[in-house]
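Notes to accompany the following structure.
Chain naming here is simple, since letters A, B, ... match the order of the sequence lines and numbering starts at 1 in each.
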There are 2 protein chains.
Amino acid sequence: MTKPLKKNQKAKELILDAAENLFAYRGFKGTTTREITREAGVPLGLMSYYFGTKEDLYREVIERRSVEHAAAIRASLQSAAEQANGNPTAEMLIRAYFSPLVERSLRGGEGWKSYIHLLSRAANTPRNEPYVESFDKTYVPVVREFIEILKGCHPDADEEAVYWSYYFLSSSIIHILLESGSIDSMSGGKFRSTDLETILDKMATFFAAGMQRLAAA
Amino acid sequence: MTKPLKKNQKAKELILDAAENLFAYRGFKGTTTREITREAGVPLGLMSYYFGTKEDLYREVIERRSVEHAAAIRASLQSAAEQANGNPTAEMLIRAYFSPLVERSLRGGEGWKSYIHLLSRAANTPRNEPYVESFDKTYVPVVREFIEILKGCHPDADEEAVYWSYYFLSSSIIHILLESGSIDSMSGGKFRSTDLETILDKMATFFAAGMQRLAAA
DNA sequence: GTCTATAATGGGATAGAC
DNA sequence: GTCTATCCCATTATAGAC
């Protein structure tokens, strides 16, 4: 802790919680500062006082969780490598990479669940929108590390295979985390977009096989 | 043609073109009616006169191309089945399903390119937003047909394998069509998110292998 | 049919009272 | 530090002139 906790921390947290939830499910432009403060139960003026502009608030919402999340991904990858004595399979790595995220979405409480939605929304936002920059700063280095480790699974493969595999994997998970419900309605309710544990299971199998095939080509 | 072409068709088309382009790259909420009419070079009042509300305009933008696109997908699937004497592989079907889309994005002109962006944006929009309904009406039946045909590639597999495979495939393509540029920056420019032809190639190989593996499990 | 001027609303941000 | 009242601007949509 660099700063002592002040009494105003409570109002700040209420605003952050409300903003996180609303940004996640209605988007940045679909959310008004009036809604945020109403949901938080604080007067409108406090928002500007504590956070400045709406964009500043968005950045603080991200920064509240992104660093911890990125650290958890690193730890999970490390732990997978150790368990496999330095030779983890692609399937293990995919699981390790996404399980911190699935874990938090399912069992981290409403805040984390919203944050994960926000994350996938941000990944779908064009990079020239100013308010999404703060994501890249934290996550891009982790992605680079993940790709480097993935290369180790198929040392003889062209690196092209690894990049495309990562691209297919990440693009898929980005949409899945929105939990759009498309699989639910297409399958008549048999399979559910909120069932992230099953999805992670199937994903690891599926994408490891795809990667192996690309690497062999 | 049910209606004869009128002179005002020209202004209507100009508005539709501008709206398509702006909705695609800035989103529905990120686009104002003033921008649309300015870009189209027509007075603001004409928009309401021809289309009604902004949501009505959005719907007409979609309906201008969705029916033709859906028909092209059906024809492409049919043609793949015929070329393979009724036994197309998953790889062939994936290619057939997405090639009308890739074809239009790359060689259909700016309008189609924008429309494809709009399509992926809509797929990432929560289903309770009223303006995205018009997509589902046209595309959901085609998706159902595609899934049924896919089942035929692995007749012994549990249908679960087919649904998850479709889900991974579609979720991936949805993000890829946004051409976010993430693969470009991650790979230092070596691989490009706009290179849809290479991507379709890799995808067909990759996802067919994943599906085969899931079906065998 | 076409266009201008404007109404009506809601937005982000802030000045200044408490 | 906290909250209210308000500014100022941009928005969608329309009424009514041409």
Does B:S48 have a side-chain nitrogen or oxygen under 4.0 Å from the phosphate oxygens OP1 or OP2 of D:dT14? no

Rounded to whole angstroms, how far apart are CZ on B:R38 and P on C:dT4? 15 Å

Value in whole Å for how far the C1' atom of D:dA13 lies from CD of B:E35: 17 Å

Earlier contact from the 5' end, DNA chain D, for B:T32 and A:G45: A:G45

Parallel, tilted or perpendicular: rings of A:Y58 and A:F135 (30°, 60°): perpendicular

Between the side-chain atoms of A:R34 and the base atoms of C:dG10, is any donor-acceptor pair under 3.5 Å? no

Nearest-Å distance for atom pair NZ/P, residues B:K54 and D:dT11: 9 Å

For A:Y50 and D:dG1, what is the distance between atoms OH and P respectively, to the nearest whole Å? 7 Å

Rounded interatomic separation in angstrom, taking NZ from B:K12 and P from C:dC3: 15 Å

Taking the minimum atom-to-atom distance to the side chain of B:P43, which one of C:dC3, C:dG12, D:dA13 wins? C:dC3

Parallel, tilted or perpendicular, as decided by the 30° and 60° cut-offs, for the rings of B:W112 and B:Y115: perpendicular

Write down the distance between CD1 (A:I15) and P (C:dG12), rounded to a whole number of angstrom. 14 Å

Looking at A:R107 and A:E197, is any side-chain nitrogen of the basic one under 4.0 Å from a carboxylate oxygen of the acidic one? yes

Which of these nucleotides, D:dT2, C:dA5, C:dG1, is closest to any side-chain atom of B:Y49? C:dG1

Return the nearest nucleotide to the side chain of B:L46; candidates are C:dT2, D:dA13, D:dC3. C:dT2

Of B:K113, B:R26, B:R64, which is the lone residue that meets salt bridge (charged side-chain N to carboxylate O under 4.0 Å, His left out) with B:E20? B:R64

To the nearest Å, give me how far apart CG (B:L44) and P (D:dA17) are. 19 Å

A:M47 CE to D:dA5 P: how many Å, rounded? 20 Å

Plane angle bin for A:Y97 and A:F146 - parallel if under 30°, tilted between 30 and 60°, otherwise perpendicular: parallel

What nucleic acid atoms does A:T31 come within less than 4.0 Å of, heavy atoms only: base, sugar-phosphate, or nothing? sugar-phosphate

